[in-house]
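These notes are about the structure you will find just below.
Chain identifiers are assigned alphabetically (A, B, ...) following the order of the sequence lines, protein sequences preceding nucleic acid strands; residue numbering begins at 1 within each chain. Not measured: the values here are computed from a predicted model.
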Protein chains: 2
Amino acid sequence: MERRPTIIDVAKAAGVSKSTVSLVLQRSPQVKEDTRIQVREAMARVGYVYNRSAANLRSASTGLIGLVINDLRNPFFTEFAASLQMKLAEEGYAVVLANINEDAEMQAKMIVALIEHGVSGFVVSPAYGAEDNTLEAIARAGLPAIQVFRKVDDRDDLFPFLAPDYQTGSRLATEHLYNRGCTQVAFVGGLADRAVTMERMSGYLEVTSQRGHEPIVITGAASHEFGVRGARDLYDNYPDVDGVLCFNDLVALGLMAGSQKLGRSIGKDLRVVGFDNIEGCLQSEPQLTSVSCGIPGFAEEISRRMLAWLNDGTPPELGGRTAVELVVRGSS
Amino acid sequence: MERRPTIIDVAKAAGVSKSTVSLVLQRSPQVKEDTRIQVREAMARVGYVYNRSAANLRSASTGLIGLVINDLRNPFFTEFAASLQMKLAEEGYAVVLANINEDAEMQAKMIVALIEHGVSGFVVSPAYGAEDNTLEAIARAGLPAIQVFRKVDDRDDLFPFLAPDYQTGSRLATEHLYNRGCTQVAFVGGLADRAVTMERMSGYLEVTSQRGHEPIVITGAASHEFGVRGARDLYDNYPDVDGVLCFNDLVALGLMAGSQKLGRSIGKDLRVVGFDNIEGCLQSEPQLTSVSCGIPGFAEEISRRMLAWLNDGTPPELGGRTAVELVVRGSS
DNA sequence: TTGTAAGCGTTATCAT
DNA sequence: ATGATAACGCTTACAA
């Protein structure tokens with residue numbers, strides 16, 4: 001097990017100097033085609049692999065992006081992580097992943113670790129809690145960082161915030177329900193004080209009041225179980241509700257299951273729309289109408305903005321929202 | 001935006017030499033308590049952060065582990081990725097993630113990229129296809145690598161293979177079904193030529209023949225949709241089957257939904273057991289009995305073995321299998 | 001077009 | 001117990 005070959009070994013094998021090899025590595029146009037080929041051949045011959053740690057010591061970027069995710073097990077965030085990683089890989093960047101499990105302390109620790117590893121930038125879907133300080137280390141290191149989905153630090157210039165256009169999504173969904181003939185539409189799920197909940201609710205409130213109806217809001221956990229409970233709650237306390245916009249698909253699926261158990265026919269007696277368009281939407285009976293947040297597209301957008309920031313120094317403009325889409329299925 | 005402080009800056013601020021600072025960094029016991037404190041203080045004062053790229057240039061390990069996942073969107077693998085990342089983080093290692101989307105070519109590319117980034121070792125849940133060569137780059141780099149869940153390279157010494165003890169799991173599940181009074185048990189789902197399928201089937205075949213029954217096997221995709229089709233298939237062609245072990249929970253959930261639509265009562269007419277114990281098991285009606293592969297525990301095991309290999313040079317012993325458990329619920 | 005030499009921030013080997 | 005100094009593998013002026 002001998003040590004890995006370096007550019008010096010390659011240089012020797014190719015009969016050139018190590019600078020030339022370095023130039024070839026960087027695709028410099030000023031090296032002659034002949035020598036370029038020679039060098040490439042030598043590389044293959046000695047089994048050379050580029051050492052980015054060493055390169056990084058001299059030049060700036062490591063080609064590493066830190067990806068901090070509040071809850072990787074949630075399919076919504078998994079989808080994002082997977083999409084972003086693949087997009088960044090296309091551009092030659094690798095992703096160092098930190099799943100922080102909704103733990104602000106863990107988040108702070110992982111951020112420091114990622115900085116030590118020399119990440120060139122951050123994409124953070126942060127945990128709530130300790131809002132003030134958890135991104136501080138990034139600020140001190142002067143690294144570019146984008147907050148996605150959740151905003152825990154208000155310094156927009158340091159940590160620009162980007163999210164899908166939830167408000168439009170909830171507006172579309174609510175209008176869809178009324179257009180289908182619903183007379184009373186409720187909003188179910190989502191913790192009351194969270195910004196995401198406010199946004200996913202805002203379009204609902206807007207349309208509902210526009211149409212002269214009373215809003216009916218039942219906030220709570222964003223879980224399947226809460227959806228089941230919500231079905232009972234509606235049944236007992238709001239029997240006239242014939243349309244529901246749910247905070248997310250998990251809640252919606254739970255609410256559908258719960259309502260069916262109570263004898264209601266989904267898509268007829270009760271129309272249901274979810275949020276996120278997860279795979280489970282296709283596996284329920286009837287299938288669930290949902291607001292798709294276009295996560296792969298969103299990830300691509302984030303990738304693009306991050307690279308622009310890194311390469312051209314252009315931080316993302318504020319207030320950017322990316323397109324969402326209502327996917328209509330049997331449940332409504 | 002000035003450059004980041006280095007150990008030299010710290011040394012100056014603390015009035016010691018940079019060697020001393022380095023020793024403090026490495027928790028060397030031979031540095032006096034007083035100076036240690038002084039140095040630590042200086043670090044805080046100047047806002048020092050460790051630069052691992054530089055350290056790596058001299059010493060061996062980068063503290064980076066490459067995690068290559070065939071399909072991160074599959075909750076089973078997500079769970080593994082998240083668990084492993086957190087375990088390794090506890091030990092001071094960071095995870096560089098590559099989701100290769102079941103694409104062998106992508107896999108080869110990402111492996112090279114990870115090597116360039118200087119990962120100290122690999123954990124690979126590989127894509128099928130191009131079995132011969134995709135791990136070759138790792139072999140050439142002489143890096144430790146563990147294959148998990150799937151085995152695509154037979155060189156056990158180079159790439160030891162570890163997986164949960166599927167065989168025992170399927171044995172437990174099958175016995176459970178017969179003990180519940182089933183007279184004909186079928187196995188549904190899983191692509192026919194895959195090692196995983198063979199293993200998840202093996203316990204079923206063993207117990208079934210032990211009990212003097214004919215095995216009934218319907219292989220196919222590991223999807224919800226295939227489960228639905230499987231329900232139809234059983235209904236039409238094997239009407240006497242009263243117990244089913246499915247390749248995984250997705251298939252099982254599809255099979256349950258499909259069978260219910262055909263008027264069969266799950267847990268009575270037809271008993272169903274799945275594999276993986278995903279969250280969806282709790283959300284079906286009735287809830288799904290499943291073989292839990294104990295992924296967090298498995299991830300911990302992998303973490304432990306990887307670190308042993310890295311630190312003590314002890315590669316994992318072969319044939320290691322980790323514990324599984326049958327979680328009994330309403331569906332059986 | 002290619003070679004020479006000076007760093008980059010650490011760790012490791014000696015001295016002291 | 002601490003300090004000086006030479007690597008580590010690469011990039012980047014600058015010189016040839």
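- Scanning all heavy atoms of the two residues, the minimum distance from Ala14(B) to Val39(B) falls at CB-CA, 4.1 Å.
- For dT2(D), neither phosphate oxygen OP1 nor OP2 lies less than 4.0 angstrom from any side-chain nitrogen or oxygen of Thr20(B).
- Sorted by first and then second residue, the side chain to side chain donor-acceptor pair (under 3.5 Å) pairs with a member in residues 40-49 of chain B form an empty list; sequence neighbours excluded.
- Partners of Leu57(A) by side-chain contact (heavy atoms from CB on, under 4.5 Å), not counting sequence neighbours, listed by chain and number: Asn51(B), Ala54(B), Leu57(B).
- Each end of the helix from dT1(C)-dA16(D) to dT16(C)-dA1(D) gets its own axis from five base pairs, and the two axes differ in direction by 30°, given to 10 degrees.
- Of the residues in residues 34-42 of chain B, those with a non-hydrogen atom less than 4.0 angstrom from any atom of DNA chain D are Thr35(B).
- With sequence neighbours excluded, no residue forms a ring-ring contact (aromatic ring centres under 6.0 Å, His included) with Phe161(A).
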- For nucleotides 6-16 of chain C, read 5' to 3', which letter fits each nucleotide if B means a protein heavy atom sits under 4.0 Å from the base, S means only the sugar-phosphate is that close, and - means neither? BBBBBBB----

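- Legend: residues meeting ring-ring contact (aromatic ring centres under 6.0 Å, His included) with Phe77(A), ordered by chain and number and at least two apart, are Phe149(A).
- Side-chain contact between His117(B) and Leu64(A) is present, with at least one heavy-atom pair separated by less than 4.5 Å.
- Judged purely by distance below 3.5 Å, without hydrogens or angles, the side chains of Thr134(B) and Gln107(B) pair a donor atom with an acceptor atom.
- Only at 4.0 angstrom or more do the heavy atoms of residues 112-119 of chain B sit from any atom of DNA chain D, so none qualifies.
- With sequence neighbours left out, the side-chain hydrogen bond (donor to acceptor under 3.5 Å, both in side chains) criterion links Glu317(B) to no other residue.
- Remark: P of dT11(D) and CZ of Arg52(A) are 10 Å apart, rounded to the nearest angstrom.
- Note that CG of Leu25(A) and NZ of Lys18(A) are 12.5 Å apart. Values are rounded to the nearest 0.5 Å.
- Qualifying salt bridge (charged side-chain N to carboxylate O under 4.0 Å, His left out) partners for Arg58(A), counting only residues two or more places apart in sequence or in other chains: none.
- Qualifying side-chain contact (heavy atoms from CB on, under 4.5 Å) partners for Ala55(B), counting only residues two or more places apart in sequence or in other chains: Tyr50(B).
- Residue pairs meeting the ring pair (Phe, Tyr, Trp, His ring centres under 6.0 Å) criterion with at least one member in residues 7-45 of chain B: none, sequence neighbours excluded.
- Ile7(B) has its side chain out of reach of Asp9(B): every pair of non-hydrogen atoms, C-beta onward, lies at least 4.5 Å apart.
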